[in-house]
J.: 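I have a structure I would like to understand better, so I am pasting it below and will then ask my questions one at a time.
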Number of protein chains: 2
Amino acid sequence: MESKSCKEIFKKNDIKATKQRELVFQLLTDSDVPLTAEEIYVKLMEKEKNMSLSTIYRILDVFVSKGLVQKSNITNNKAVYEVLGMGHKHHIICISCGKIIALDHCPIQEYEKALERETEFNITSHKLVFFGYCSECRKKSE
Amino acid sequence: MESKSCKEIFKKNDIKATKQRELVFQLLTDSDVPLTAEEIYVKLMEKEKNMSLSTIYRILDVFVSKGLVQKSNITNNKAVYEVLGMGHKHHIICISCGKIIALDHCPIQEYEKALERETEFNITSHKLVFFGYCSECRKKSE
DNA sequence: GTTGCAAACGCAAATTATTCGCATTTGCAA
DNA sequence: TTGCAAATGCGAATAATTTGCGTTTGCAAC
């Protein structure tokens, strides 16, 4: 059932269905946090579903270009990926433990309109990330 | 006069004054757009003020750690740096020509408070970037 | 069901931004 | 002027991501 809808999504988006792509998409769909390419690589290894890291990068690029997946460069090193239901996501990240939480609500849609008028840009997207300390890390440090 | 205030700023922030640091700081102060480490490197070369790229990175790290300069990882590759007058900056970047404009106004301060209550995070900072097409690139493509 | 071929994969090497180690130089305080 | 910790320059190391290329695979036509 799951894999069937996965194939349908691929077909609808002109993505050739391969074993690897299904595995990556499934993993992202099942995950409740954004994942890095390497995390996907490791999780698949654990499931005995080895595949090349470069393949994972290529697959993620395809998903991103089709709008199925959002890529976010939150920190200065690794990018994280997550499936997009509807609408884009923002994030809040704990600078102590590195935990990343996705936020569905977007508080700046009206501001974006004003900014378009002000800057004469045609704005197509935006990214918003909050940094701080999560409740667990705050408790630990007390 | 300029260089004097530069030395004063260094002294006030416990930063040892060196020729290289003054050059980098001056360049950032004079620039009306955020610069990458490599852009700084090239601009100084053009002024016959050669210095090592790794030194530039180290100097920028010092400035950032003292709060004099903001480092922003807007795209997935190069970080950009800019001096901070007061308050942080957001950005709008043209996905056609790559031009980056800094925005002084911050539209999400109230939202951040609400988010702190909602997520139990202690939020210390955030990043906001808009992507789109600037007026010049839109004119060109017409 | 075969066949053919473009597209996808795996692997290793390349690329790119950034950092690090270490020998040399420099700013500043005594 | 001297001494020494801190800063610099250089090249090598790192780490994430991309790319080249030979092999494999999905799928459409037969």
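Residue numbers start from 1 in every chain, and the chains themselves are labelled A, B, ... in the order their sequence lines are given, proteins ahead of strands.
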J.: Apply ring pair (Phe, Tyr, Trp, His ring centres under 6.0 Å) to F25(B) and list each qualifying residue two or more places apart in sequence or on a separate chain.
T.: F10(B), F63(B)

J.: Would you kindly give the CG-to-P distance between L35(B) and dT18(C), to the nearest whole Å?
T.: 13 Å

J.: Could you tell me the separation between the CD1 atom of I40(B) and the C1' atom of dT18(C), rounded to a whole number of Å?
T.: 14 Å

J.: Quick one: L23(A) CG to dC9(C) C1', roughly how many Å, whole number?
T.: 13 Å

J.: Can you measure F63(B) atom CZ to dA7(D) atom P for me and round it to whole angstrom units?
T.: 11 Å

J.: Do H91(A) and E82(A) meet the criterion of a side-chain donor-acceptor pair at a distance under 3.5 Å?
T.: yes

J.: Can you tell me how far C1' of dA8(C) sits from CZ of F10(A), to the nearest Å?
T.: 13 Å

J.: Report for the helix from dG1(C)-dC30(D) to dA30(C)-dT1(D): angle between first-end and last-end helix axes, five pairs each, rounded to 10 degrees.
T.: 30°

J.: Take atom CG of L44(A) and atom C1' of dG10(C), then tell me their distance rounded to the nearest Å.
T.: 15 Å

J.: Applying ring pair (Phe, Tyr, Trp, His ring centres under 6.0 Å), which residue pairs with at least one partner in residues 28-55 of chain A are found, sequence neighbours left out?
T.: none

J.: In whole angstrom, give the distance that lies between atom OH of Y41(B) and atom C1' of dT16(C).
T.: 15 Å

J.: Starting from C1' on dG9(D), measure out to CD1 on I59(B) and report it in whole angstrom.
T.: 11 Å

J.: Reading nucleotides 23-28 of chain C from the 5' end, what letters show protein touch, with B for base, S for backbone sugar-phosphate only, - for no heavy atom under 4.0 Å?
T.: ----SS

J.: For F121(B), what residues pass the ring pair (Phe, Tyr, Trp, His ring centres under 6.0 Å) criterion, not counting sequence neighbours?
T.: none

J.: In the 5'-to-3' direction, what one-character label does each nucleotide of nucleotides 10-19 of chain D receive under the scheme B = base within less than 4.0 Å of a protein heavy atom, S = sugar-phosphate only, - = no such atom?
T.: BB----SSBB

J.: Going by atom types alone, do E112(B) and H126(B) pair a side-chain donor with an acceptor below 3.5 Å?
T.: yes

J.: For atom NZ of K99(A), is the number of surrounding heavy atoms from other residues, nucleotides or ligands below 6.0 Å larger than 12?
T.: yes

